[in-house]
Amino acid sequence: MSSSEGAPESWISSFCQLMGHEFFAEVSEDFIEDDFNLTGLQSQVPMYKEALEMILDVEPEEDEEEEEEEEEDEDDDDLLGDEKPPGYRRERRHARVASDLSVIESSAELLYGLIHQRYITSRPGIQQMLEKYEMQHFGVCPRVYCNGCKVLPVGRSDTPGQETVKLFCPSCQDLYTPPNSRFHSVDGAFFGTTFGCLFFMTFPDLDIGPTFDVNLTLSPTRSASFPSTATTTTTTSGISNQPPSDTPRPVYPIELNGTRTASFAPGLGEGKLFESRIYGFKVSERSRSGPRMKWLRMKPTNILELDEMTYFQSLQRSYDDDGDAEMGGDNAQNANSAIAQRKKAPMRRRRYNPDQMNINGVAG
């Protein structure tokens, strides 16, 4: 294959252009040539050296030992008088190379997938995936209440051969199987479990939905004065999708745990869950045809409940308060008196029983 300019196309470009490989990013050769980025892959990929040479389009060096063996075989044939047709050595070498080529090709695909898993978590790789995400190369969420939110390819395991690639929707925070069957043979380990969360933490300004969540009210300008442990205030300033009302609305910080608060599952919450009804009456959850796994679609009404730093400080505070309460006041006196009583209690000694036999089975 060759490009329009006449230059031969690289193996990486041809691999990413294959049907079903549209999710892959083209890993730069500089990234592959850095040995640090390939640490630990040699033990996971068979024929690692040959596969790496194929990915980088490096001509494999002919093995001198194989040539010597072929020359010895020809000398033995000459001594025995066996005449071989011209070109027999070249044909035998091509047959052996053709048998190894399929193995090297599969090893090269496995090696490139594992390199790709690391590349998309690097700065140039994640930027390349951002361009594909914004151009909607990965598709949209099939859930109606997500309003066509763009999805991202992720994996459920970092080990090859475990799971196929899945599509992660940041609006409902759920995984979906790609609708097109061409992606059902792509290994999910080639994208890994880290890429999805790291992507949205790296680009917190992404609008993952067409509109902001109606439960959120954001300030018009992004300011660094909002700490991650900000408390809920009761002001009406900010941008809101709801009409103005007399009821004060909470104002949340722009970012929480490194992610925009507007990106905390805008496709979930009140009014964005399907409720089963018959003639206007809700179907009971205990019914056989009632809603299932509804807890997966829930999110807290107060976004600040997801603040990890506040939760950690509350745990530390409660732990310190419990420790001080146990060591102070009447509790400390009760503990000291219990220790004194244990010290004064007489020790129970074992009484001698003449009818009891010793450990050797002989009467004492």
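On a predicted model such as this, the values are computed, not experimentally measured, just so you know.
- Contact record, S43 with G40: OG-O, 3.3 Å, taken as the closest heavy-atom pair.
- Within the structure, salt bridge (charged side-chain N to carboxylate O under 4.0 Å, His left out) contacts touching residues 16-25 (residues at least two apart or in different chains) are E22-R182.
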**OP:** Take S171 and C141, measure what side chain to side chain contact (heavy atoms under 4.5 Å, CB included) needs, and give me the verdict at the end.
**Re:** CA-CA 8 Å; S171 179; C141 180; over 6 Å; no
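- Here side-chain hydrogen bond (donor to acceptor under 3.5 Å, both in side chains) pairs that include residues 151-163, with residues two or more places apart or in two chains, are D158-T193.
- Other residues, nucleotides and ligands contribute more than 12 heavy atoms inside 6.0 Å of the CE atom of M135.
- Linking Ile, Leu, Val, Met, Phe, Trp and Tyr whenever their side-chain heavy atoms come within less than 4.5 Å leaves I126 and M201 in two separate clusters.
- The ring-ring contact (aromatic ring centres under 6.0 Å, His included) pairs that include a residue from residues 27-57 are F31-Y119, where partners are two or more places apart or lie in different chains.
- The structure places SG of C146 at 10.0 Å from CD of Q173, a figure rounded to the nearest 0.5 Å.
- Annotation: E308, atom CD; neighbour count of heavy atoms from other residues, nucleotides and ligands within 6.0 Å does not exceed 12.
- When every heavy atom of T177 is checked against every heavy atom of K166, the shortest pair comes out as OG1-NZ, 3.6 Å.
- In this view, L130 and Q127, E134, F199, F203, L206 satisfy the side chain to side chain contact (heavy atoms under 4.5 Å, CB included) rule, not counting sequence neighbours.
- Applying the salt bridge (charged side-chain N to carboxylate O under 4.0 Å, His left out) rule to R123 yields no partners; only residues at least two apart in sequence or on another chain are considered.
- Residues meeting the ring-ring contact (aromatic ring centres under 6.0 Å, His included) test with F23, sequence neighbours left out: F138, F183.
- Counting only heavy atoms from C-beta outward, the side chains of E105 and W11 approach each other to under 4.5 Å.
- Applying the salt bridge (charged side-chain N to carboxylate O under 4.0 Å, His left out) rule to E50 yields no partners; only residues at least two apart in sequence or on another chain are considered.
- Considering every non-hydrogen atom in both P266 and P170, the closest pair reads CD-O, 4.2 Å.
- Proximity of a side-chain donor or acceptor of D187 to a complementary backbone N or O of G161 within less than 3.5 Å is detected.
- Of all non-hydrogen atoms in F191 and G155, the two that sit nearest each other are CB-N, 4.3 Å.
- Taking the side chain as every heavy atom from C-beta outward, S28 and I12 never approach each other to under 4.5 Å.
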**OP:** Start with the C-alpha gap between M54 and L101, add the side-chain angles, then the distance that decides, and say whether side chain to side chain contact (heavy atoms under 4.5 Å, CB included) holds.
**Re:** CA-CA 10 Å; M54 176 175 289; L101 187 60; 3.7 Å; yes
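- Residues passing the side chain to side chain donor-acceptor pair (under 3.5 Å) test with Q117, sequence neighbours excluded: none.
- Rounding to the nearest 0.5 Å places CD of Q313 at 12.0 Å from OG of S318.
- Judged as a salt bridge (charged side-chain N to carboxylate O under 4.0 Å, His left out), and not counting sequence neighbours, E26 has no contacts.
- Smallest separation of non-hydrogen atoms from V165 and P153: CG2-CB, 3.9 Å.
- Under a hydrophobic-cluster definition in which Ile, Leu, Val, Met, Phe, Trp and Tyr are linked whenever side-chain heavy atoms come within less than 4.5 Å, directly or via other members, I104 and I55 are assigned to the same cluster.
- V151 and V140 are not part of a single hydrophobic cluster, where members link through side-chain heavy atoms under 4.5 Å apart.
- Across all their heavy atoms, D307 and T310 have their closest contact at OD2-OG1, 2.8 Å.
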Listed pairs under 3.5 Å, donor-acceptor, residues 106-116 side chains, sequence neighbours left out:
residue: S106; atom: OG; partner: S102; partner atom: O; Å: 3.4
residue: S106; atom: OG; partner: V103; partner atom: O; Å: 2.8
residue: S107; atom: OG; partner: P46; partner atom: O; Å: 2.9
residue: S107; atom: OG; partner: V103; partner atom: O; Å: 3.0
residue: Y112; atom: OH; partner: A25; partner atom: O; Å: 2.7
residue: Y112; atom: OH; partner: V27; partner atom: N; Å: 3.1
residue: H116; atom: ND1; partner: F190; partner atom: O; Å: 2.9
residue: H116; atom: NE2; partner: A25; partner atom: N; Å: 2.9

Original post:
So L52 and L38, side chain to side chain contact (heavy atoms under 4.5 Å, CB included) or not? Walk me through it.
Top reply: CA-CA 10 Å; L52 186 60; L38 310 181; 4.2 Å; yes
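- The side chain to side chain contact (heavy atoms under 4.5 Å, CB included) test applied to Q316 returns F312, not counting sequence neighbours.
- Under a 4.5 Å side-chain heavy-atom cut-off, the cluster of Ile, Leu, Val, Met, Phe, Trp and Tyr residues that includes Y311 is completed by L315.
- The line from OG of S185 to CE of M19 is 11.0 Å long, rounded to the nearest 0.5 Å.
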Original post:
Under the side chain to side chain contact (heavy atoms under 4.5 Å, CB included) criterion, do C169 and D174 qualify, and how do the steps go?
Top reply: CA-CA 6 Å; C169 174; D174 207 349; 5.7 Å; no
